Amino acid sequence: MDQGSIARILKQVSGGEDEIQQLQKALLDYLDENTETDASLVFSRKFYIAQWFRDTTMETEKAIKSQKDEDSSEGTHHAKDVEATGQIMHRAESRKTFLRSIIKIAPSQFSTLKLNSDTVDYEDACLIVRYLASMRPFAQSFDIYLTQ
């Protein structure tokens, strides 16, 4: 992955969110800007929002399940695990709130959001998609699957 380009995109995209949210917002802005030229981008936008919401929900469920498993085993790092689970839950809730706010925007309001029209071009959008896809659990464990 081209970390330099990712860093450049993150600098251009304003926002106090975490890195993933900034990249998601940049990609959604790009899709919004180009819906007039390609109608399939509306579907792509909805698909990405739904997939990211599902991923966040799955991450939260995994954190809760792992905490319950560790509670039953009574580990020595219990306080540290609870804190890590709390951070995961907080991050997941902020991502869900972000995605809900994006969902509530009507298609007629897309034109008013085109503030970052020159921030992301096609190549940057492709890079963002590859980067976000590499963060998914399957992509992270792909080498393990291949070696097995």
Side-chain angles (χ1 to χ4, degrees), residues 1-71 80-148:
M1 301 304 302
D2 186 5
Q3 289 291 51
S5 294
I6 295 291
R8 178 184 49 79
I9 293 168
L10 287 172
K11 282 183 186 177
Q12 291 175 345
V13 176
S14 62
E17 304 97 13
D18 64 2
E19 179 180 292
I20 301 296
Q21 268 187 350
Q22 288 177 332
L23 292 173
Q24 288 173 345
K25 180 162 179 26
L27 181 60
L28 292 174
D29 288 345
Y30 170 79
L31 293 173
D32 289 344
E33 292 168 14
N34 294 295
T35 55
E36 293 154 5
T37 59
D38 188 0
S40 66
L41 294 181
V42 174
F43 172 77
S44 298
R45 182 180 185 279
K46 290 179 182 179
F47 172 79
Y48 279 126
I49 291 171
Q51 188 65 46
W52 294 333
F53 197 87
R54 180 186 169 278
D55 290 348
T56 302
T57 304
M58 296 296 285
E59 181 182 350
T60 304
E61 289 173 0
K62 263 190 215 177
I64 291 170
K65 184 180 178 194
S66 69
Q67 184 178 2
K68 286 181 182 178
D69 291 345
E70 290 172 6
D71 284 348
K80 189 182 225 182
D81 293 336
V82 169
E83 182 178 315
T85 303
Q87 289 174 348
I88 291 170
M89 299 292 283
H90 178 69
R91 185 175 62 236
E93 281 306 312
S94 68
R95 286 184 181 170
K96 283 183 179 182
T97 303
F98 164 73
L99 293 171
R100 283 188 196 110
S101 69
I102 293 293
I103 290 170
K104 291 179 183 178
I105 297 173
S108 62
Q109 295 173 331
F110 289 163
S111 60
T112 61
L113 295 176
K114 295 182 181 179
L115 303 174
N116 300 329
S117 61
D118 60 344
T119 301
V120 178
D121 59 0
Y122 178 77
E123 288 80 23
D124 289 343
C126 290
L127 179 66
I128 291 170
V129 169
R130 286 194 310 268
Y131 181 79
L132 291 174
S134 72
M135 304 301 276
R136 294 182 49 83
F138 179 75
Q140 291 178 345
S141 60
F142 195 69
D143 291 338
I144 296 169
Y145 293 130
L146 285 177
T147 56
Q148 289 180 355

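Bear in mind the structure is a predicted one, so any value in this text is a computation, not a measurement. Sequence positions, counted from 1, serve as the residue numbers for this chain.
Counting only heavy atoms from C-beta outward, the side chains of Leu127 and Ile6 approach each other to under 4.5 Å. Residues Leu27 and Trp52 form a side-chain contact, since some pair of their non-hydrogen atoms from C-beta on lies under 4.5 Å apart. Side-chain contact between Cys126 and Glu123 is absent, with no heavy atoms from C-beta onward closer than 4.5 Å. The shortest distance between side-chain heavy atoms of Ile9 and Tyr131 does not fall below 4.5 Å. Using a 4.5 Å heavy-atom threshold, the side chains of Ile49 and Ile103 count as touching. The side-chain heavy atoms of Thr35 and Arg45, taken from C-beta on, include no pair separated by under 4.5 Å.
Within the 3.5 Å criterion, the main-chain N or O of Ser94 finds a donor-acceptor partner in the side chain of Gln21. Using a distance-only test at 3.5 Å, with no hydrogens or angles considered, a donor-acceptor pair links the side chain of Asp121 to the main chain of Asp124. Judged by distance alone, with hydrogens and angles left aside, the side-chain atoms of Asp38 form no donor-acceptor pair with the main-chain N or O of Asn34 at under 3.5 Å.
How far CD1 of Ile64 is from CE of Met89: 4.0 Å, rounded to the nearest 0.5 Å.
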*Begin from the C-alpha positions of Ile102 and Leu28 and carry the test side-chain contact (heavy atoms from CB on, under 4.5 Å) through to its verdict.*
CA-CA 9 Å; Ile102 293 293; Leu28 292 174; 3.7 Å; yes
*Please step through side-chain contact (heavy atoms from CB on, under 4.5 Å) for the pair Tyr48 and Leu132, ending with a clear verdict.*
CA-CA 10 Å; Tyr48 279 126; Leu132 291 174; over 6 Å; no
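Arg95 has no carboxylate O lying under 4.0 Å from a charged side-chain N of Asp55, or vice versa, which leaves the two without a salt bridge.
For Arg100, the salt bridge (Lys or Arg N to Asp or Glu O under 4.0 Å) test picks out no residue, with sequence neighbours left out.
When all heavy atoms of Ile88 and Ala63 are compared, the pair lying nearest together is CG2-CB, 3.8 Å.
Both the sub-6.0 Å distance and the 45° axial angle are satisfied by Lys96 relative to the ring of Phe53.
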